[in-house]
> 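The following block contains the structure, expressed as structure tokens.
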Amino acid sequence: MGKMRTQSAPWRAAAVLASVLLVGGVAACGNSDTGGGGAKDDGKITMGFSQVGAESGWRTANTISIKEAATAAGIELKFDDAQQKQENQIKAIRNYIQQKVDVIAFSPVVESGWDTVLKEAKDAGIPVILTDRSVDSADKSLYKTFLGSDFVKEGKLAGEWLVEQKKTASGPVNIVELQGSTGAAPANDRKKGFAEAIAANPNLKVIASQTGDFTRAGGKQVMEQFLKANPKIDVLFAHNDDMGLGALEAITAAGKTPGKDITIITIDAVKDGMQALADGKFNFIAECSPLLGPQLMDLAKKVHAGQEVPARIETEETTFTSEQAKEALPNRKY
Ligand code: AHR
């Protein structure tokens, strides 16, 4: 036995070395921390994407942008619509982990409650990209980057415009607020930014604030309640165009003229919102761009290749008055 061991030692050492190289090689090709959990190594990137839902014109434009950009970039896209439910997103992300996709991207319905599933993705070696909305996880290593708007800034821009418009107001200016989906980053942040900005003028008071869930139906229904409960409403701040568009119906049905009797400020600047602004029914829009697809695919390629990416990529945005909306509408892409 001793003789045999002595004779086979060099061969065994070579075999061990070969298997170490082989395992290392496979890991480097497909299953590394940076390169994703890819079971197959056909050079093609597979992205699992979990979308919030189809609640607004903004969301529809965002979904189209992501699908078109994936095709253009040659990235295989697995797409799931979570119908505005966090549990559906968690289920979809777990499915993507099981399928060993190369990259997971998602727009979180709400900010909280993601640590466990993000840790599962990290442990599986699949990089995660947050797009449009972020999470409140303290451990920033759970995702590679966050691509999206500064929602606090959007709320601030809306509030600053109002402060300027009402600077000569001698009495109280009653504001009602249609919030986005409860717990969603854009709802939390836009509310915060707006409140910070209007604090500059003590005449500006939010007298009612409720969620309309980012939908037209929600905006209409809640605005009806606001109008019944409050005889004097001077301003509506809606966290997105769709809720503002729904509210238009309620305001008109109540015999008031939107844009005149009630000043209307919204966020997004989708085509229907821009049309309402150009028509004088809305008064001001802070833009939130849904065209995130091309940047997202670019980031997916980079994280898959193990390249460093910035931890935060902010979308460039602007604001629109009625005159600016008239000019921009003919070339508006969404
Ligand atoms: O997260 C972006 C927001 O979500 C948009 O402002 C809104 O329209 C959408 O539903």
Side-chain angles (χ1 to χ4, degrees), residues 49-66 81-86 88-89 105-112 114 129-136 146-159 177-194 210-220 222-223 236-248 264-277 282 284-293 295-296 312-320 332-334:
F49 185 86
S50 171
Q51 180 60 288
V52 169
E55 73 282 5
S56 61
W58 189 99
R59 192 63 54 195
T60 306
N62 181 244
T63 294
I64 292 170
S65 171
I66 285 160
D81 176 340
Q83 301 183 344
Q84 288 197 274
K85 291 200 172 73
Q86 184 176 32
N88 290 347
Q89 285 202 301
F106 76 114
S107 172
V109 175
V110 290
E111 278 191 290
S112 303
W114 298 101
I129 300 174
L130 301 178
T131 171
D132 162 35
R133 301 179 181 180
S134 191
V135 298
D136 63 5
F146 164 43
L147 163 70
S149 309
D150 181 339
F151 298 131
V152 176
K153 186 155 113 194
E154 292 169 352
K156 254 196 189 132
L157 290 169
E177 180 179 33
L178 282 168
Q179 295 178 37
S181 308
T182 306
N188 297 339
D189 293 355
R190 287 171 186 167
K191 184 173 174 52
K192 182 172 181 272
F194 185 75
Q210 208 177 301
T211 180
D213 217 10
F214 278 132
T215 65
R216 284 192 195 204
K220 182 178 176 212
V222 178
M223 192 67 203
L236 163 65
F237 171 45
H239 288 191
N240 79 343
D241 286 342
D242 279 80
M243 290 190 295
L245 291 163
L248 287 184
I264 302 180
I265 307 165
T266 67
I267 294 180
D268 275 359
V270 296
K271 264 189 189 157
D272 288 355
M274 291 287 272
Q275 189 60 59
L277 183 59
F282 285 0
F284 186 74
I285 302 182
E287 184 184 41
C288 177
S289 174
L291 305 180
L292 303 176
Q295 273 174 297
L296 174 61
R312 172 77 171 103
I313 300 160
E314 197 182 313
T315 318
E316 275 181 37
E317 282 153 355
T318 184
T319 59
F320 295 96
R332 203 73 188 150
K333 290 200 181 71
Y334 55 92

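In each ligand, atom 1 is the first atom listed, and ligand 1 is the first ligand listed. What you see is a predicted model; the values in this text were computed from it and never measured.
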> How far is atom 10 (O) of ligand 1 from its nearest protein heavy atom, and which residue and atom is that?
Glu55 OE2, 2.4 Å

> So, the side chain of Arg190 versus the backbone of Glu154: is there a donor-acceptor pair under 3.5 Å, distance only?
no

> Looking only at atom types and distance, does a side-chain atom of Thr211 sit under 3.5 Å from a main-chain N or O of Gly180, one as donor and one as acceptor?
yes

> Ion pair present between Lys153 and Glu317, side-chain N to carboxylate O less than 4.0 angstrom?
no

> Is it the case that ligand 1 has an N or O less than 3.5 angstrom from some N or O of Trp58?
no

> To the nearest 0.5 Å, how far apart are CG in Leu248 and CG in Leu236?
8.5 Å

> If you measure from CG on Leu147 to OG on Ser107, what distance do you get to the nearest 0.5 Å?
10.0 Å

> Looking only at distance, does His239 have an N or O less than 3.5 Å from an N or O of ligand 1?
no

> Could you name the option among Met243, Glu154, Arg133, Glu287 that has the heavy atom nearest to atom 3 (C) of ligand 1?
Arg133

> Give the residue, atom name and distance (to 0.1 Å) of the protein heavy atom nearest atom 8 (O) of ligand 1.
Asp268 OD2, 2.6 Å

> Could you tell me which atoms of ligand 1, counted from 1 in the order shown, lie closer than 4.0 angstrom to a heavy atom of Ser56?
7 (C), 8 (O), 9 (C), 10 (O)

> Donor-acceptor check, side chain of Asn240 to backbone of Phe214, threshold 3.5 angstrom: yes or no?
yes

> Give the atoms of ligand 1, by number and element, whose distance to some non-hydrogen atom of Pro186 is under 4.0 Å.
1 (O)

> List ligand 1 atoms under 4.0 Å from Asp132, heavy atoms only on the residue side.
1 (O), 2 (C)

